[in-house]
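As structure tokens, the structure follows; a few thoughts come after it.
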Amino acid sequence: MNVLGFIWFYLSMLALGLSMAAPPGPVNAMIAFVSTRSKLKGTAIGAGAMTADLIFFFMVFLIKGFIPSELIKLLYIIGGSYTVFLGFLVLRSRMNLKIKTGGSYLVGLSMGITNPYQIAWWVSFGIVMLEKFGIQSGIGFFSGIVLWIFIYPYFIERAGKISKNVEKLIKIVSALVLICIGLYMITLFILRY
């Protein structure tokens with residue numbers, strides 16, 4: 001692969017990583033909530049979720065996508081319930097919620113590891129990405145996620161410092177996103193299984 005080919009490949013994988021990290025979901029809702037007070041804690045949540053992606057990346061690479069369907073079914077209930085629980089914690093909390101940076105990392109990791117959508121992405125598209133582009137696709141892909149988990153908390157923290165009303169709005173929207181996504185996961189489990 002020549003230099004231009006490598007740059008194109010890297011940038012396309014970086015864009016793919018950003019496209020996976022950026023859509024609204026439980027991790028971004030929690031990052032937004034925590035980042036109104038500390039972008040470092042928001043980044044720690046993103047780093048935890050990215051660690052889950054790294055685990056799935058290597059699992060898919062090593063076992064070629066074999067994840068028992070029973071485990072995925074169970075994760076709808078576990079992930080959905082956990083996400084609803086986090087949403088209610090956000091709603092009940094004061095904006096000065098005490099989450100240590102290490103705790104933020106563990107929150108992100110546990111959200112990522114139990115998220116059936118994250119697992120489904122890796123079992124479906126992740127397999128295709130690894131089959132087609134190989135393990136080197138991870139360099140650009142995870143660069144995109146790293147870029148997101150540093151930029152997104154920065155902008156949220158800035159918005160929260162501009163106005164207390166923005167901070168409260170972020171809290172309410174974050175909580176509602178968490179609760180709705182969690183209930184949606186649980187509903188899918190009930191309807192499908």
Side-chain angles (χ1 to χ4, degrees), residues 1-36 38-68 71-72 75 79 83 99 101-160 170 173-174 177-178 181 185:
M1 183 183 299
N2 63 25
V3 174
L4 283 177
F6 174 77
I7 291 170
W8 175 252
F9 174 72
Y10 175 80
L11 290 176
S12 62
M13 291 296 108
L14 183 133
L16 180 61
L18 275 170
S19 75
M20 185 187 169
V27 172
N28 280 333
M30 202 65 187
I31 290 172
F33 170 66
V34 173
S35 294
T36 57
S38 167
K39 65 180 176 275
L40 179 61
K41 291 178 185 177
T43 297
I45 287 176
M50 185 181 72
T51 301
D53 283 319
L54 273 168
I55 291 167
F56 293 137
F57 178 81
F58 287 110
M59 279 178 60
V60 166
F61 180 75
L62 292 174
I63 62 176
K64 300 296 183 205
F66 174 74
I67 296 177
L71 176 61
I72 293 173
L75 286 172
T83 303
I99 299 180
T101 303
S104 297
Y105 174 82
L106 293 175
V107 166
L109 177 60
S110 60
M111 289 178 81
I113 224 72
T114 62
N115 186 342
Y117 296 108
Q118 212 160 327
I119 293 167
W121 190 92
W122 281 106
V123 171
S124 56
F125 192 83
I127 292 171
V128 173
M129 179 180 81
L130 282 165
E131 286 293 322
K132 186 163 179 62
F133 302 115
I135 198 163
Q136 66 272 14
S137 62
I139 298 166
F141 181 82
F142 286 103
S143 295
I145 295 175
V146 167
L147 185 63
W148 178 257
I149 66 175
F150 279 97
I151 290 174
Y152 182 57
Y154 172 80
F155 283 112
I156 293 295
E157 183 192 47
R158 282 281 191 228
I170 290 170
V173 170
S174 298
V177 167
L178 288 166
I181 289 174
M185 285 187 214

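Residues: numbered from 1 along the sequence shown. In what follows, every heavy atom counts, from backbone to side chain, and hydrogens, waters and symmetry copies are set aside.
To the nearest 0.5 Å, atoms CZ (Arg158) and NZ (Lys39) are separated by 6.5 Å. One finds the CD atom of Gln136 at 14.5 Å from the CZ atom of Phe141 (value rounded to the nearest 0.5 Å). Annotation: the span from Glu157 atom CD to Tyr152 atom OH amounts to 13.5 Å, rounded to 0.5 Å. To the nearest 0.5 Å, the span separating OG on Ser104 from CE on Met30 amounts to 7.5 Å. With rounding to the nearest 0.5 Å, the separation of OG in Ser137 from CZ in Phe57 is 4.5 Å. For the atom pair CD1 (Ile145) and OG (Ser19), the distance works out to 9.0 Å, reported to the nearest 0.5 Å.
Side-chain atoms of Ser35 never come within 3.5 Å of backbone atoms of Ala32 as a donor-acceptor pair (strictly under, hydrogens ignored).
The nearest pair of heavy atoms linking Gly25 to Val177 is O-CG1, 3.8 Å. Residue Val34 comes nearest to Ile45 through the heavy atom pair CG2-CD1, 3.6 Å, listed as atom of the first residue, atom of the second, then distance. Across every non-hydrogen atom of Pro26 and Ile181, the tightest pair is CD-CD1, 3.5 Å. Across Ile31 and Gly42, no two heavy atoms sit closer than the pair CG1-O, 3.5 Å. For the residue pair Ser143 and Leu14, the shortest heavy atom distance occurs at CB-CD1, 3.8 Å. Scanning both residues, Asn28 and Ala22, for their nearest heavy atoms gives ND2-O, 3.2 Å.
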| said: Using side-chain contact (heavy atoms from CB on, under 4.5 Å), reason through Val60 and Met129 one step at a time and then give a plain yes or no. | reply: CA-CA 10 Å; Val60 166; Met129 179 180 81; over 6 Å; no
| field | Leu18 vs Leu147, side-chain contact (heavy atoms from CB on, under 4.5 Å): CA-CA, chis, key distance, verdict | value | CA-CA 8 Å; Leu18 275 170; Leu147 185 63; 4.1 Å; yes
| Step by step, would you call Asp53 with Trp121 a side chain to side chain donor-acceptor pair (under 3.5 Å)? | CA-CA 10 Å; Asp53 283 319; Trp121 190 92; over 6 Å; no
| Chi angles and distances behind the side-chain contact (heavy atoms from CB on, under 4.5 Å) call for Val146, Met50 | CA-CA 8 Å; Val146 167; Met50 185 181 72; 3.5 Å; yes
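Residues Ile113 and Phe56 meet the side-chain proximity criterion, which asks for heavy atoms closer than 4.5 Å.
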